[in-house]
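Shown next, in structure tokens, is the structure this report addresses.
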Amino acid sequence: MKTEPQIIRTRNFVADAAAFILEQARKAIAGRNEFRIALSGGNTPAPVYARLAAQAADLPWDRVCFTFGDERCVPQDDPESNFRMARENLFTPAAVPGKSIMRMRGEIDPQVAAHDYQQQLAAIAIQSGEPMYRHDLILLGLGPDGHTASLFPGTAALEEMTRTVVANFVPKLNSWRLTFTFPLINHARNILFLVGAAKSPELIESVLKGDSQFPAARVNPVAGEVTWMIGE
Ligand code: 6PG
């Protein structure tokens, strides 16, 4: 059964998104002494990460575990790298310790990088007696074709129901991506879609109505909450 998402439409997108994430962090750390958050890439999150870095100076970063919902298959210093965007806007300004960051290795063979990342998550899950790594919060974006993470329409990763992280070839980009799959995304406690004001209202409505031609519409955590933070 699809849990109804919370929809927040705001003119203070960056401030409200940062506040939402901080609240989730404090709740998770208070409850379980750790905060597992997956960062999304692209452009929209950059100012939100910068605001986080500016506001969360008192957050115990060593209790936070940063993962990435997806990554381009490029070196970490490439302008396309989601890791680079997060490092510049959040990790460096907030002095996040390296041990709190699980980087997807975009510079190596995509299949190896995806498998390694999946195994890293599985090892943590096994250590804490979980059947699968459970994020406290996964940040997701919305592409103009309704993709989210690197789950693009018509690509193989959409059908993956066993593995949690895969390499996904995206014909329209003629490139490989590393991405979480729906099983991992839908195992999260909380999902936050970050959707800037420029995004198509028609696309947002179709996704919210559950139009499954758009991969974002297939995000439906079995026991979690979905929030849409939509800029106006
Ligand atoms: C990526 C992202 C991707 C992104 C959407 C929206 O690696 O590009 O993870 O899923 O969130 O493409 O991107 P914008 O926020 O830049 O519009």
Side-chain angles (χ1 to χ4, degrees), residues 8 10 13-14 16-18 20-21 37-52 66-91 101-107 110 113-114 117 135 137-158 160 164-182 184-186 188 191-204 206-208 213-219 226-232:
I8 302 172
T10 171
F13 178 78
V14 170
D16 288 350
F20 182 98
I21 295 165
I37 176 172
L39 299 180
S40 60
N43 303 312
T44 303
V48 177
Y49 298 164
R51 178 66 66 94
L52 268 180
F66 288 98
T67 55
F68 286 81
D70 72 326
E71 184 57 280
R72 291 83 182 275
C73 291
V74 295
Q76 61 181 291
D77 292 320
D78 189 294
E80 282 294 300
S81 164
N82 288 336
F83 172 81
R84 172 174 163 167
M85 185 270 283
R87 183 186 62 204
E88 289 176 348
N89 289 283
L90 176 54
F91 300 152
I101 304 164
M102 289 174 62
R103 182 177 70 85
M104 287 182 164
R105 293 192 292 165
E107 71 279 12
Y117 206 81
H135 284 86
L137 177 63
I138 297 180
L139 304 182
L140 292 173
L142 179 66
D145 56 2
H147 80 261
T148 195
S150 282
L151 298 167
F152 285 79
T155 61
L158 296 180
E160 179 61 48
T164 54
V165 184
V166 296
N168 192 32
F169 185 72
V170 184
K172 75 188 312 186
L173 302 175
N174 189 29
S175 64
W176 285 90
R177 291 283 188 94
L178 304 174
T179 187
F180 284 4
T181 59
F182 286 120
L184 183 58
I185 291 172
N186 287 331
I191 304 271
L192 176 64
F193 278 97
L194 294 173
V195 183
K199 287 289 159 60
S200 148
E202 292 75 22
L203 171 63
I204 295 169
S206 299
V207 171
L208 288 174
Q213 73 172 297
F214 303 117
R218 293 177 52 186
V219 170
V226 179
T227 301
W228 285 74
M229 186 77 68
I230 302 170
E232 288 185 326

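Just so you know, ligand 1 is whichever comes first in the structure, and atom 1 is the first atom listed for that ligand.
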Is a side-chain N or O of [X] found less than 3.5 angstrom from the main chain of [Y], in a donor-acceptor match?
X    : Y    : answer
R177 : F152 : no
E71  : R103 : no
Y117 : T179 : no

Check each atom of ligand 1 against the heavy atoms of [X] and keep those under 4.0 Å away; list them by number with element.
X    : result
G141 : 11 (O)
K199 : 6 (C), 14 (P), 15 (O), 17 (O)
N43  : 14 (P), 15 (O), 16 (O)
R177 : 1 (C), 7 (O), 8 (O)
D70  : 1 (C), 2 (C), 7 (O), 9 (O)

Taking the six-membered ring for Trp, are F91 and F66 parallel (under 30°), tilted (30 to 60°) or perpendicular (over 60°)? perpendicular

A student comparing A149, G143, G146, P45 should find that the heavy atom closest to atom 3 (C) of ligand 1 comes from A149

Under 3.5 Å between any N/O of R72 and any N/O of ligand 1: does that happen in this structure? yes

Self-check item: Nitrogen or oxygen atoms of H147 and ligand 1 under 3.5 Å apart
Solution: yes

When distances are taken from atom 6 (C) of ligand 1, the protein heavy atom at minimum range is L142 O, 3.6 Å

Closest to atom 15 (O) of ligand 1 among protein heavy atoms sits T44 OG1, 2.6 Å

Quick look: L194 vs ligand 1, heavy-atom contacts under 4.0 Å, and the answer is neither

Inset, instruction - Begin with the C-alpha distance, continue with both residues' side-chain angles, and end with the deciding distance and a verdict on side-chain hydrogen bond (donor to acceptor under 3.5 Å, both in side chains) for N168 and T155. - result: CA-CA 7 Å; N168 192 32; T155 61; 3.0 Å; yes

Notebook entry, point to check: So, are D77 and R87 salt-bridged, with charged N and O less than 4.0 Å apart?
Noted result: yes

Is the shortest distance from a heavy atom of E71 to ligand 1 less than 4.0 Å? no

Residues passing the side-chain hydrogen bond (donor to acceptor under 3.5 Å, both in side chains) test with R72, sequence neighbours excluded, are E80, N82

Residues passing the side-chain hydrogen bond (donor to acceptor under 3.5 Å, both in side chains) test with N89, sequence neighbours excluded, are none

